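Each chain gets a letter, A, B and so on, in the order the sequences are listed, and its residues count up from 1. Everything quoted here is computed from the prediction, not taken from an experiment.
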Amino acid sequence: MKIELTINGERREADVWEGESLLFTLREHLGLPGSKNACEQGECGSCSVLLDGRLVCACLVLAAQADGHEVVTVEGLGEDGQLHRVQQAFVDAGAVQCGFCTPGLVVATAALLERSPEPTDDEIREALSGNLCRCTGYQKIFDAVRAAAGATS
Amino acid sequence: MAVTEKAAGAYIGSPVLRKEDQKLLTGQSRYIDDLTLPGMVWASVVRSPFAHATIKSVDVSKAREAEGFVAAFTGADLADDWAATLPCVWLVTEDTKQPMHRPLATDKARYQGDGVAVVLAETRAQAKDAAELVEVDYDPLPAVIDPEEALADGAPILHEEFGTNHCFTWRLEGGDVDGVFGSAPVTVKERYRQQRLIPNAIEPRGVIAQYLPAQDEYTLWSATQIPHILRFWLAIVLGVPEARLRVVAPDVGGGFGSKLNVYAEEALSLALAKRVGRPVKWTEERSEGYLATIHGRDHWQEMEYAADEDGKIRGVRARLVVGLGAYLQLVTAGTPILGGWLYGGPYDVEAYSLEVVGAFTTATPTDAYRGAGRPEATYLIERTVDALARKLDMDPVEIRRKNFIREFPKTLASGLTIDSGDFEGALDRALEMVGYDAVRREQEERRQRGDTKQLGIGLSTYTEMCGLAPSRILGAILYAAGGWDAATIRCLPTGSVQVFIGTSPHGQGHVTTFSQIVADRLGVSIDQVEVIHGDTSAMQLGLDTYGSRSLAVGGVALWNAAEKVIEKARGIVAHKLEVSPDDLSYDGGRFTVAGTDKAMAVQDAALHAFTAHDLPDGMEPGLEATFVYDPPNFSWPGGAHIAVVEVDTETGAVDLRRYIAVDEIGNVINPMVVDGQVHGGVTQGIAQALWEEAIYDDDGNLTTGSMISYLVPSAAETIDYELDRVNAPSPTNPLGVKGVGETGTIASTAAVMNAVVDALSPYGVTDVEMPAKPERVWRAIQEGGAS
């Protein structure tokens, strides 16, 4: 089936199988491999994207469900070749190690700061609890989120 | 404060921001799953649902009808494709039993997930659908999961040719063990369980294999920690010349030991690419990986201390029974032995005895998981030291102080020599940070008032050996490879510096830290240094990344390669400036002659070396050097960690309140990267103590088969840790470095469990089996001393 959606501000079309996940469509049909496939069970958050501004696991959303909607992936966060402030905060805090969970965490953080510009630590913990990272123990990710929040306020 | 640009000579020791991050943060990284080759087909492995079963027949005829089907092969179809078994690099005794391990089983399946057939199709989904149509007729056999049960009479035998599940018994003894135990006024004996763990690198494993018949050339792209080791072993398994095989590790998303292996799918994909004449890709599903990627730990541990009345430990006697799983993967047999010299801990122990027994079980093979043998050792030592302290009514701090090794170098009763350390300094600092007396007071107050939230304080003072490893020692302990590593520095004529390393990062930040080393030593900007890794065609020499070895071996090779570059440049500069090489000083990237204005930058020397218009007679053009470094000793990090937990005595819930880690890891190249390694390592060790456990049922089914049932900690579980370091630089290498990749995991499990037991000591509890889930803790409280 044909779907039409807005991805990172751009109108895109794709010819997809009815049972195909949005993650597969992004990665395999639309040339956007930034969202990662690490569990395909909605447990790790590595494929987190924004669907009409809401944080979702792209592995659990059918491509067909995104027809007519707006999707933002990690590739679409920065503007004019500049890192998004969340991405920059991750660099500055040393919050990246192997990088596989990183796109999902960056998107989840951006979504958090969008709805709660000055989150408490408990809010941060809750907001990021769907994104598993095995390398960092989350401490420098917390530093990054706090710094990115500070940069807006 | 983060640093982006430093004066030459000031990079080492600074928190330089990572050069790797831009691509990783913007979706421009290239992991296996992001790579595609023209004409590529996908593989799906048909896996045994039974833990132990005779394979009576495998019928692929229905799969052939499936949409997109390309080819299907059974284990029997491919049996002649293998020139050798999948390897085990360390058969730890002369009589260690190594079963034949083909990429696909032919006669029996020996664990749930053992591959029995493979199907190729045009897409990943088609390959999986077709694989589900393969009909395998199994005759199920009894399973055995517990290693002690596997060794008992009447246990189901995995490998009939051995007539037993016993794989090896490894022994090490030093000092007068019988004498010390015979005369000791105090002994204490403990028994603990190291549960099975699933490593859970967030990137699943995956491979792409290509075969080009015109050149008879194989290329394997693999999510691996060990491209060089993999190339060597796959050449042997496939019976092809090593020179015809290139292995590439692209961006790799974490390993923790789980990608330190030679896996069935790596061999399979190469064989299949040749058979079907198309590139073959396979990526692991998460639940598939829980079965098909190695697990960690799985020990029964026993330890006995012989001590004086004042708490001085004189002898240690330990015995481990290790569940190896169904086959010997690359380091399955050796993993427990990696802790084999360390069961004395950081304590001055005169008599040492260790016996390690390995048993085959109908489970996924165990192998190196972050720390590999050393977390197990530290856990047993530190839990038993606390047991001794309880018996003697001593404070856990006091008993440790009584026993620390203080003079270095120190040759252990187990035979190895610790070159440096500062165990007491680390403990002093950790106690200061936690405010030990105040925390003990609060604990006492809560006990006095019968608070339902009891406080526990747990110490873990540890030493470990890493920087693997001196090749001569590896040879002496029957390890089939060396422990050196290599680096090449090539100064290009336009001023940039290419660095080729033999280690293969997957999250550790080598590109940044190794750039810091080169930038400092050569006196160039860090932006002029490019680090290339993970491709056997770019760097032939290397033994890859595991065992906290990359800096302590590969980083030292790089430092020494820089020395060679400087020495060659010195000859060029002396010639050009018409001075004696001995008159040249080198600093900040420039050669100068004292008392004159004569000077030349190393990059100008590189240009002269390239044009070769005017080099000293007989000198080779080009400014480049390779150094292969074989460490003369292991490196010896150590430290003191303290956990403070609150246990809800009504529910059994354990709440980690504080965690202090003071590590002694030698000189630090990049403190930001080091802190990240400690954070991640500590988290994995805490997770073993409190949350993680791979559980099999009696039939050998893995019941924790997904991230839903196996608790990988999220941000909701973790806390912020308090870190510091003391330093006793390694005298063994010129950088004074030791290694930090595993210290957190090695230390933290014992600290947390000692804290849990400490909290419950008023209830007579002396042990809680890991992970200390609320139910177990609650039961321990109810049963008191009987737990």
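- Ranked by heavy-atom pairs shorter than 4.5 Å toward chain A, the options B/Gly253, B/Ala715, B/Gly680, B/Ala687 are led by B/Ala715.
- Residue with the most contacts toward chain B among A/Gln88, A/Gln139, A/Gln41: A/Gln139 (heavy-atom pairs, distance under 4.5 Å).
- Residue with the most contacts toward chain A among B/Asn670, B/Leu25, B/Asp21: B/Leu25 (heavy-atom pairs, distance under 4.5 Å).
- For the atom pair CD1 (B/Ile202) and SG (A/Cys39), the distance works out to 8.5 Å, reported to the nearest 0.5 Å.
- Counting heavy atoms of neighbouring residues, nucleotides and ligands inside a 6.0 Å radius, atom CZ of A/Arg11 exceeds 12 of them.
- A salt bridge links B/Asp720 to A/Arg146: one of the charged nitrogens lies within less than 4.0 Å of a carboxylate oxygen.
- Contact check for A/Val96 versus B/Glu20: no side-chain heavy atoms found under the 4.5 Å cut-off.
- Looking at B/Asp251, neither its backbone nor its side chain comes within 4.5 Å of chain A, counting heavy atoms on both sides.
- Of the listed residues (B/Gly254, B/Ala125, B/Pro199), the one with the most heavy-atom contacts under 4.5 Å to chain A is B/Pro199.
- Of all the listed residues (A/Trp17, A/Phe90, A/Phe100), the one sharing the greatest number of non-hydrogen pairs under 4.5 Å with chain B is A/Phe100.
- Atom CD of B/Glu722 sits in a crowded spot, with more than 12 heavy atoms from other residues, nucleotides or ligands closer than 6.0 Å.
- Interface residue B/Ser714: backbone and side-chain heavy atoms are both found under 4.5 Å from chain A.
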Legend entry - Intermediate values then yes/no, side chain to side chain contact (heavy atoms under 4.5 Å, CB included), B/His506 and A/Gln97: CA-CA 8 Å; B/His506 37 280; A/Gln97 288 191 29; over 6 Å; no

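- The shortest distance between side-chain heavy atoms of B/Glu717 and A/Ser129 does not fall below 4.5 Å.
- In this structure B/Arg124 satisfies the salt bridge (charged side-chain N to carboxylate O under 4.0 Å, His left out) test together with A/Glu40, sequence neighbours excluded.
- For the pair B/Arg18 and A/Val91, the minimum side-chain heavy-atom distance is 4.5 Å or more.
- Using a 4.5 Å heavy-atom threshold, the side chains of A/Glu75 and B/Thr26 count as separate.
- Your options are A/Pro33, A/Ala38, A/Gly34, A/Cys44, and the one with the most heavy-atom pairs under 4.5 Å with chain B is A/Ala38.
- In this structure, the ring pair (Phe, Tyr, Trp, His ring centres under 6.0 Å) partners of B/His510, at least two apart in sequence or on a different chain, are B/Phe514.
- Put simply, the side chain of B/Thr718 reaches to within 4.5 Å of the side chain of A/Arg125, judged on heavy atoms.
- Here the straight-line distance linking atom CE of B/Met672 with atom CG of A/Asp92 works out to 9.0 Å at 0.5 Å rounding.
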Inset, instruction - Kindly indicate, with the supporting measurements, whether the criterion side chain to side chain contact (heavy atoms under 4.5 Å, CB included) is fulfilled by A/Ser46 and B/Glu203. - result: CA-CA 9 Å; A/Ser46 302; B/Glu203 182 206 19; over 6 Å; no

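- Most heavy-atom pairs under 4.5 Å with chain A, from the set B/Thr683, B/Ile708, B/Thr283, B/Val673: that is B/Ile708.
- Heavy-atom contacts from other residues, nucleotides or ligands closer than 6.0 Å to CD of A/Glu18 number more than 12.
- Both the backbone and the side chain of A/Leu132 come within less than 4.5 Å of a heavy atom in chain B.
- In this structure, chain A has a heavy atom under 4.5 Å from the side chain of B/Phe256, while its backbone stays farther away.
- If you measure heavy-atom distances from B/Ser287 to chain A, the contacts under 4.5 Å come from both the backbone and the side chain.
- The contact between B/Val252 and chain A is made entirely by backbone atoms, counting heavy-atom distances below 4.5 Å.
- Within a 6.0 Å radius of CD in B/Gln28, more than 12 heavy atoms belonging to other residues, nucleotides or ligands are found.
- In this structure, chain B has a heavy atom under 4.5 Å from the backbone of A/Ala93, while its side chain stays farther away.
- For B/Glu284, no part sits under 4.5 Å from any heavy atom of chain A, backbone or side chain.
- The distance from atom CG of B/Asp675 to atom OG1 of A/Thr136, rounded to the nearest 0.5 Å, is 12.5 Å.
- Of the charged side-chain nitrogens involved, at least one lies within less than 4.0 Å of a carboxylate oxygen, so that A/Arg134 and B/Glu692 count as a salt-bridged pair.
- With a 4.5 Å cut-off on non-hydrogen atoms, B/Pro505 does not touch chain A at all.
- When side chains are defined from C-beta on, A/Arg27 counts as touching B/Asp33, because their heavy atoms get closer than 4.5 Å.
- Heavy-atom pairs under 4.5 Å with chain A peak, among B/Arg286, B/His679, B/Met707, at B/His679.
- When the candidates B/Gly507, B/Gly289, B/Ala716, B/Pro204 are compared by the number of heavy-atom contacts under 4.5 Å with chain A, B/Gly507 comes out ahead.
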